[in-house]
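Reviewing the structure listed below.
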Protein chains: 2
Amino acid sequence: MADKRTRLTREQVLAAGVELADAVGIDGVTMRKLGQALCVEAMSLYHHVANKEQLLDGMTDLVYTEIQLPQDTDWRTAMQVRAHSLRDTLNRHPWALRLVGSRTSPGDATVRHHDAVLGTLRRAGFPLALAAHAFSVLDAYIYGFAVQEQALPFDSEEAPTELATAILAQFPTNQYPYLAELTARYAEDTGYAYVQEFTFGLDLILDGLERALAVGAPPYTPARE
Amino acid sequence: MADKRTRLTREQVLAAGVELADAVGIDGVTMRKLGQALCVEAMSLYHHVANKEQLLDGMTDLVYTEIQLPQDTDWRTAMQVRAHSLRDTLNRHPWALRLVGSRTSPGDATVRHHDAVLGTLRRAGFPLALAAHAFSVLDAYIYGFAVQEQALPFDSEEAPTELATAILAQFPTNQYPYLAELTARYAEDTGYAYVQEFTFGLDLILDGLERALAVGAPPYTPARE
DNA sequence: CGTTGTAAACTTACGATGTAAGAGTGCGCC
DNA sequence: GGCGCACTCTTACATCGTAAGTTTACAACG
């Protein structure tokens, strides 16, 4: 965690913030603890960030840096790669999701990322309105999926066999029959992986977009373009 | 805000919490202020909730109460009505979204809601796996859309004409050409409403589900059922 | 009626947090 | 050398969640 005697930079502060948040959760990120991680008193940090708000903004933007920009292959696989990269990143820094929901001023990396995605779609022949729609659906889905994944009472990567039954036990079977049915199914299905769930929705959306692109006219938009 | 001399109940506390959060935001909800709103000292609240965690859990579940359960019409319009109701509710209580992402133990209303949605799909003929997939995509989309709506630097309901240009001014046009193009378009299109964006994605997903239902076999699932 | 048990509300207190204000400290440039 | 400035530290305060212990008021009983 940062050697003793170098002058601090804003970048170091933000990076340490990300690292700390990963380790102890976003609520564990306090100015004093962050200072400690950097061998510095809490108040010294205020020469590199205006306040904690801005620290969190910077951390959020730094996370965006990790997301793979879409490459210039066909738009579909480009979107797929980006989607998985975004999901991975959000899983690697679970706290980031809570921040994007409350931050209204996007950082530099954030804007660059959005522009790149939009560009990939436009160059692939998406009319402007459809490109905007596509961006909106895709991002909404990815973020929402990440929210759900975090709300799950188990780690989404491991086989949920016993866990599912534990959850099942929480609510009375007869009162919530459909949930019970579902949980039972997952409990017995040992091969189940949550990635499949993500891929299903993603492909469904990409199919829809492909169809919309083929038809030509983006629906639900005042005719212009 | 609650008359003087009635004994407090847990329900009153939670309702006051929701009201307070709506008024001053979730960070403004402190035990002392909540107590004040109920004409009671902060510590008295601890006789009705174990700690602040549990207060937030209860508030989250109370919000779920407001979401319209799907009626027993055809599944498609049922899902549409529910989707819009969920979005409205999340917009009415913007703080709730941040909570669902961090809460892992669902409340009673939450579970009931999930069961009802699942039930509607099952009764409409969705195989179990497809019903689960459908639930996952839809909820992910709705939550994610709400996240994006909140991250927008403007109120999603009003015409963003001048606002868009203000945003546009933030980042250099030449550096982010596609975003600039998009923002310019929205600035000139006075008839634009953000609901259309929501409806586009929702219909796209519902179309996809309808097709998957027609085909019969849910993709991406180990063959069983 | 007084007595008493108990659930609900209150009082006090503590450690942690974000940060305002101002006082050191050390490095680069004259 | 010494001046200026960028950085850091010290001290202090209001506010937060909540632990511990005390007071209050009402219901049940003699």
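Letters A, B, ... are given to chains in the order of the sequence lines, protein chains preceding strands, and every chain is numbered from 1.
- Taking 4.0 Å as the cut-off between side-chain N and carboxylate O, A:D61 and A:R103 do not count as a salt-bridged pair.
- The distance from atom NZ of A:K33 to atom P of C:dA16 is 10 Å, rounded to the nearest whole Å.
- Aromatic pair B:F135/B:H114: ring centres closer than 6.0 Å.
- Between B:L34 atom CG and D:dT15 atom C1' the separation is 16 Å, expressed in whole Å.
- Rounded to the nearest 0.5 Å, atoms CG (B:L38) and OG1 (B:T9) are 9.0 Å apart.
- The side chain of B:S44 contributes no N or O atom lying less than 4.0 Å from OP1 or OP2 of C:dA8.
- Aromatic pair A:F126/A:H133: centroids not less than 6.0 angstrom apart.
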Atom pairs, protein N/O to nucleotides 18-24 of chain C N/O, distance under 3.5 Å:
from   : atom 1 : to    : atom 2 : distance (Å)
C:dG18 : OP1    : A:K52 : NZ     : 2.4
C:dG18 : OP2    : A:M31 : N      : 3.0
C:dG18 : N7     : A:R32 : NH2    : 2.6
C:dG18 : O6     : A:R32 : NH2    : 2.7
C:dT19 : OP2    : A:Y46 : OH     : 2.7
C:dT19 : OP2    : A:K52 : N      : 3.0
C:dT19 : O5'    : A:Y46 : OH     : 3.4

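- Taking the six-membered ring where tryptophan is involved, the planes of B:F145 and B:Y194 are tilted, since the angle between them lies from 30° to 60°.
- When the C1' atom of D:dT18 is taken as reference, atom CG of B:L55 falls 13 Å away, rounded to whole Å.
- Note on B:H48: every side-chain N or O is 4.0 Å or more away from OP1 and OP2 of C:dA7.
- Between the side chain of A:Y143 and the backbone N or O of B:Y143, no donor-acceptor pair lies under 3.5 Å.
- The nearest whole Å value for the distance from the CD atom in A:Q36 to the C1' atom in C:dA16 is 13 Å.
- Atom pair B:E41:CD and C:dA13:P shows a separation of 15 Å (rounding to whole Å applied).
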